[in-house]
There are 2 protein chains.
Amino acid sequence: MPQTQILSRNQKIVLDIIEKAKGPLKAYSILFNVQKKGINAPQQIYRALDKLIEMGKIHKIESKNAFVACRSSDCEISKATAFSICESCEMVDEISDAKLSKYLSGFNYRKGMKFKRFNLEFFGICKKCKKD
Amino acid sequence: MPQTQILSRNQKIVLDIIEKAKGPLKAYSILFNVQKKGINAPQQIYRALDKLIEMGKIHKIESKNAFVACRSSDCEISKATAFSICESCEMVDEISDAKLSKYLSGFNYRKGMKFKRFNLEFFGICKKCKKD
DNA sequence: TAACAAACGTTATATTATAACACTATGATA
DNA sequence: TATCATAGTGTTATAATATAACGTTTGTTA
Ligand SMILES: [Zn+2]
Ligand SMILES: [Zn+2]
Ligand SMILES: [Zn+2]
Ligand SMILES: [Zn+2]
């Protein structure tokens with residue numbers, strides 16, 4: 001298992017644009033932004049996104065169908081993700097909190113199964129939006 | 001604020017089919033199943049779904065774009081939802097755990113905002129699927 | 001009854017995501 | 001070297017999910 005993943009051309013292009021973005025990006029907005037680089041079809045975007053998610057380089061914000069770069073080192077390959085989402089400006093922050101992560105990773109629902117993975121999305125109004 | 005919400009005709013039809021389902025239902029599968037009752041267009045389904053979600057009668061499973069009936073009395077108007085999802089058979093269970101709910105409702109991210117709502121999705125393989 | 005809000009029905013369209021197929025590059029292996 | 005497998009690419013087409021916009025109907029309330 002290689003420490004540093006080698007990215008393909010398209011994967012690099014897609015990761016690059018997501019990393020540079022200030023907020024979550026939608027697949028088709030990525031597509032429109034990379035057409036000058038010779039990527040023409042949704043498939044090319046979705047394939048890159050899938051691999052980047054597998055590698056833990058990006059995450060999908062399920063409630064928004066959008067993608068953000070991983071800013072956290074302790075979210076090992078996307079097995080434990082948590083986000084803070086502003087319902088006004090759409091800002092998304094990855095939450096990196098060891099206690100929270102530990103609490104949820106260890107959570108066992110009595111009548112249920114053993115969990116392999118979780119995704120948590122918090123919603124509210126961010127400080128910046130509250131000032132308005 | 002009325003204790004018992006009065007549902008419209010379409011809302012009743014949609015809620016009824018979701019409540020009777022064994023697993024999460026997709027909007028278009030709901031649509032196909034109610035066409036005999038005179039509902040013909042996606043809009044009618046989505047409008048009912050939106051209202052039912054507002055009322056806390058159903059929840060959306062974001063990672064699946066599907067809908068389940070609320071089985072929990074203490075998830076007050078969908079402000080605090082948690083689910084257990086089998087990655088093999090697609091089964092979804094609403095998690096009703098007071099400690100978990102309290103812990104997350106009280107969670108405050110130091111550099112962030114005050115949260116009004118959260119949604120948590122756990123993934124794994126359910127007991128039934130593990131036997132195979 | 002007049003006014004308003006909520007729900008309804010309908011047509012059209014936007015947005016998000018996948019299927020399918022042929023092709024290319026790479027590296028392992030026999 | 002020939003061959004095989006794996007991963008990535010490019011392309012066309014289509015499926016699946018969701019919303020816009022408009023006018024009508026229904027139910028509540030003043
Ligand atoms: Zn991360
Ligand atoms: Zn904001
Ligand atoms: Zn519930
Ligand atoms: Zn299962």
Side-chain angles (χ1 to χ4, degrees), chain A residues 1-2 4-18 21 23-68 85 87 90 92 119 121, chain B residues 1-2 4-18 21 23-68 77 87 90 92 119 121:
Chain A
M1 203 183 284
T4 307
Q5 298 264 11
I6 288 158
L7 300 180
S8 76
R9 181 188 130 81
N10 287 1
Q11 287 160 13
K12 263 183 228 143
I13 292 172
V14 170
L15 179 56
D16 188 58
I17 190 170
I18 295 176
L25 289 184
K26 303 232 168 196
Y28 275 75
S29 115
I30 295 169
L31 175 57
F32 298 140
N33 278 286
V34 298
Q35 289 192 318
K36 49 200 160 201
K37 300 205 174 167
I39 296 183
N40 306 299
Q43 267 291 8
Q44 296 172 281
I45 303 297
Y46 282 105
R47 282 199 287 232
L49 290 172
D50 287 348
K51 290 297 176 184
L52 292 168
I53 289 170
E54 264 183 31
M55 295 173 195
K57 301 276 189 192
I58 65 171
H59 303 298
K60 180 172 187 182
I61 308 301
E62 295 288 357
S63 60
K64 302 175 78 65
N65 299 315
F67 305 85
V68 296
I85 301 169
E87 287 175 311
E90 316 272 280
V92 170
N119 179 56
E121 300 183 2
Chain B
M1 202 183 282
T4 306
Q5 296 263 12
I6 288 159
L7 300 179
S8 76
R9 181 188 129 83
N10 287 2
Q11 287 159 14
K12 263 182 229 143
I13 292 171
V14 170
L15 178 57
D16 188 59
I17 191 171
I18 295 176
L25 289 184
K26 304 233 168 194
Y28 275 74
S29 115
I30 295 170
L31 176 56
F32 297 141
N33 278 286
V34 298
Q35 290 191 320
K36 47 199 158 199
K37 301 206 175 168
I39 296 183
N40 306 298
Q43 267 290 7
Q44 298 173 280
I45 302 297
Y46 282 105
R47 282 200 286 233
L49 290 172
D50 287 348
K51 290 298 176 183
L52 291 169
I53 289 170
E54 264 183 32
M55 295 175 197
K57 299 278 188 192
I58 65 171
H59 303 298
K60 180 172 187 181
I61 307 301
E62 294 288 357
S63 60
K64 303 175 79 64
N65 298 316
F67 304 85
V68 295
I77 317 295
E87 286 175 312
E90 315 272 280
V92 170
N119 179 55
E121 299 183 2

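Just so we're on the same page: letters track the sequence lines, and every chain starts at 1. Predicted model, so just to flag it, every value in this text is computed and none were measured.
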Next on the checklist: Under 4.0 Å, counting only non-hydrogen atoms across every strand here, what does B:Arg9 touch: a base, just sugar-phosphate, or nothing?
Outcome noted: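 It contacts sugar-phosphate atoms only.
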Item to check | Touch class at under 4.0 angstrom, heavy-atom based, for A:Gln11 against every strand present | outcome: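 It contacts sugar-phosphate atoms only.
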Item to check | Gap between atom CG of A:Leu52 and atom OG of A:Ser8 - 0.5 Å precision | outcome: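 Output value for this atom pair is 8.0 Å.
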Item to check | A:Leu49 CG to A:Lys60 NZ distance, which is reported to the nearest 0.5 Å | outcome: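 Rounded to the nearest 0.5 Å, the CG-NZ separation comes to 9.0 Å.
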Item to check | Test item: A:Lys57 and A:Gln11 side chains (from C-beta on) under 4.5 Å apart, heavy atoms | outcome: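 A side-chain contact is absent here, since even the closest heavy-atom pair is not under 4.5 Å.
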Next on the checklist: Is any side-chain heavy atom of B:Asn119 closer than 4.5 Å to one of B:Glu62?
Outcome noted: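 Sidechains of B:Asn119 and B:Glu62: in contact.
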Item to check | 5′-ward residue of the pair A:Arg47/A:Lys26 relative to DNA chain C | outcome: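 Closer to the 5' end of DNA chain C: A:Lys26.
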Item to check | Polar side-chain atom of A:Glu121 near backbone of A:Ile85 as donor-acceptor pair, under 3.5 Å | outcome: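 Judged by distance alone, no pair lies under 3.5 Å.
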Next on the checklist: For B:Gln43 and B:Lys64, find the nucleotide of DNA chain D closest to each by heavy atoms; which residue's nucleotide sits nearer the 5' end?
Outcome noted: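 The residue whose closest nucleotide sits nearer the 5' end is B:Lys64.
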Next on the checklist: Pick the closest DNA chain D nucleotide for B:Lys60 and for A:Ser8 by heavy atoms, then say which residue is nearer the 5' end.
Outcome noted: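 Closest to the 5' end, via its nearest nucleotide, is A:Ser8.
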Checklist entry - Residues in salt bridge (Lys or Arg N to Asp or Glu O under 4.0 Å) with A:Asp50, at least two apart? => result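 If we apply the salt bridge (Lys or Arg N to Asp or Glu O under 4.0 Å) test to A:Asp50, skipping adjacent residues, there are no hits.
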Is the phosphate of [N] approached by [X] (side-chain N or O, under 4.0 Å from OP1 or OP2)?
X: A:Gln44; N: D:dG10; answer: yes
X: A:Asn40; N: D:dT12; answer: no
X: A:Lys51; N: D:dG8; answer: yes
X: A:Tyr46; N: C:dT18; answer: no

Can you tell me the distance, in whole Å, between the [atom1] atom of [X] and the [atom2] atom of [N]?
X: B:Ile6; N: C:dA7; atom1: CD1; atom2: P; value: 11 Å
X: A:Leu7; N: D:dA7; atom1: CG; atom2: C1'; value: 13 Å
X: B:Glu54; N: C:dA7; atom1: CD; atom2: C1'; value: 13 Å
X: A:Met55; N: D:dG8; atom1: CE; atom2: C1'; value: 11 Å
X: B:Asn65; N: D:dA15; atom1: CG; atom2: P; value: 18 Å
X: A:Ile45; N: C:dT18; atom1: CD1; atom2: P; value: 14 Å
X: B:Leu49; N: D:dT17; atom1: CG; atom2: P; value: 12 Å
X: B:Leu15; N: C:dA7; atom1: CG; atom2: P; value: 14 Å

Item to check | Global bending angle along the helix from C:dT1-D:dA30 to C:dA30-D:dT1, which compares the axes of five pairs at either end, to 10 degrees | outcome: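 For the helix from C:dT1-D:dA30 to C:dA30-D:dT1, the axes at either end differ by 30°.
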Next on the checklist: Restricting to non-hydrogen atoms, name the atom on B:Val14 and the atom on B:Ile17 that form the minimum distance, rounded to 0.1 Å.
Outcome noted: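 Looks like O-CG2, 3.1 Å.
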Checklist entry - Does B:Tyr28 lie flat on the base of D:dT17, that is, centres under 5.5 Å apart and planes under 30° off? => result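 Yes, B:Tyr28 stacks on the base of D:dT17.
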Could you go through residues 23-43 of chain A and list every donor-acceptor pair under 3.5 Å that involves a side-chain atom there, pairing it with any protein atom two or more places apart or in another chain?
residue, atom, partner, partner atom, Å
A:Lys26, NZ, A:Lys64, O, 3.0
A:Asn33, ND2, A:Ser29, O, 2.6
A:Asn40, ND2, A:Gly38, O, 3.3

